[in-house]
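All remarks here apply to the structure that follows.
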Amino acid sequence: MLIVEELHLLLTRPDGRVESAASVHRLFGAIAAVIVDLSLRDRVVVTEEKNPAVQVVSADPIGDPVLDTALARLAPLSGKRLQSLLMRSKLDPLDQVVESLVAQGVLVRGERGFFGWGSLRTPESDPGPEMLIRSRLAAVLSGSAAPALADVTILAILQGMNAAHPILKNEAAGASAGQLKKRIEQLVAGSAAGDAVTKAVNTAIAAALMAAMTPVIVATTTG
C-alpha cells in the first residue's frame, strides 16, 4: 500500500469522513505523502536546501493510477518549491486514492451525506489494513520496532499537520502532545529511514501550515 493511501486511512473515520483534527490541512499531508511515494520510485527528487524544491527527473509511467496521475500533474511544475506545491488543490490525489482503496476492497462506496446532497461517502469495508498501520506505528513509537521510511514519513506528516496526537492518541500510549512531538522528532532525526526527503517534507509542511494560518492569526489579533 502506498504511503498516501495509508495516510488517508489514518485521516478518515470508519464512516469515511475526514477526522476533525485533519480536516483543515488534509491537502498538505496528502500532497506531501504522494511526493514521497514518487521519490521512492525515482520519479522526483526533493532538493536539500532550506526551502526545498521538487524536481521531476523522470516522467515515465509507474503503472499505478494514483502515482501516474500525480506525476502527470506534477511534471509541469518541476522545480517549484515544495512549500508552494503543498497548497495546490490541483495536486490533491484524493479521488485516485479513494478509487484505489475501493478497488483493493478497503473502502466501499456509500451514500451521499446531507440528505443526499453532500459528497459521496466511502466508509471502510475492511478495517484490517488501518489496524495493521496503527499497530505498526504504536510499535515504532514505543521503540519495540525499527521504523521503516513509510512510518517516519507518516509520523512527520501528521506532526506537521498538528494532527499526530489526536490521530494517534491510543498509539501514543498515554504520551502528551509535547512528548509525542519530541518522540517523532527523534525518529525523524535519528532513524536510518529519516533521510533528506522526509526531513524536507516535514520542514515544508510546517512552513506551509504557518503560511496558511498567518492570515487567521493576523485577523484575530487586529480585529
For R13, which residues count as a salt bridge (charged side-chain N to carboxylate O under 4.0 Å, His left out) partner, sequence neighbours excluded? E19
Those residues that, when tested against D92, pass salt bridge (charged side-chain N to carboxylate O under 4.0 Å, His left out) (two or more places apart):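 Result, salt bridge (charged side-chain N to carboxylate O under 4.0 Å, His left out) vs D92: R26.
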Are the side chain of [X] and the backbone N or O of [Y] linked by a donor-acceptor pair below 3.5 Å?
X	Y	answer
R17	D15	no
H165	A175	yes
S125	V106	yes

Residues two or more places apart in sequence or in another chain: which of them pass side-chain contact (heavy atoms from CB on, under 4.5 Å) with [X]?
X	result
A70	V34, L38
A139	S144, A145
P127	E124, M131
R183	L141, Q186, L187

Strictly below 4.0 Å, N to O, side chains only: are E49 and R81 in salt-bridge contact? yes
Is a salt bridge present between E6 and R134, judged by a nitrogen-to-oxygen distance below 4.0 Å?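 Result for this pair is no, no salt bridge flagged.
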Quick check on the hydrophobic clustering: are M87 and V36 connected, directly or via other members, by side-chain heavy-atom contacts under 4.5 Å? yes
If we ignore angles and hydrogens, is there a donor and acceptor under 3.5 Å between the side chains of S100 and Q104? yes
Sub-4.5 Å side-chain heavy-atom contact between I3 and L149: yes
Quick one: does D151's side chain get under 4.5 Å of L137's, heavy atoms only? yes
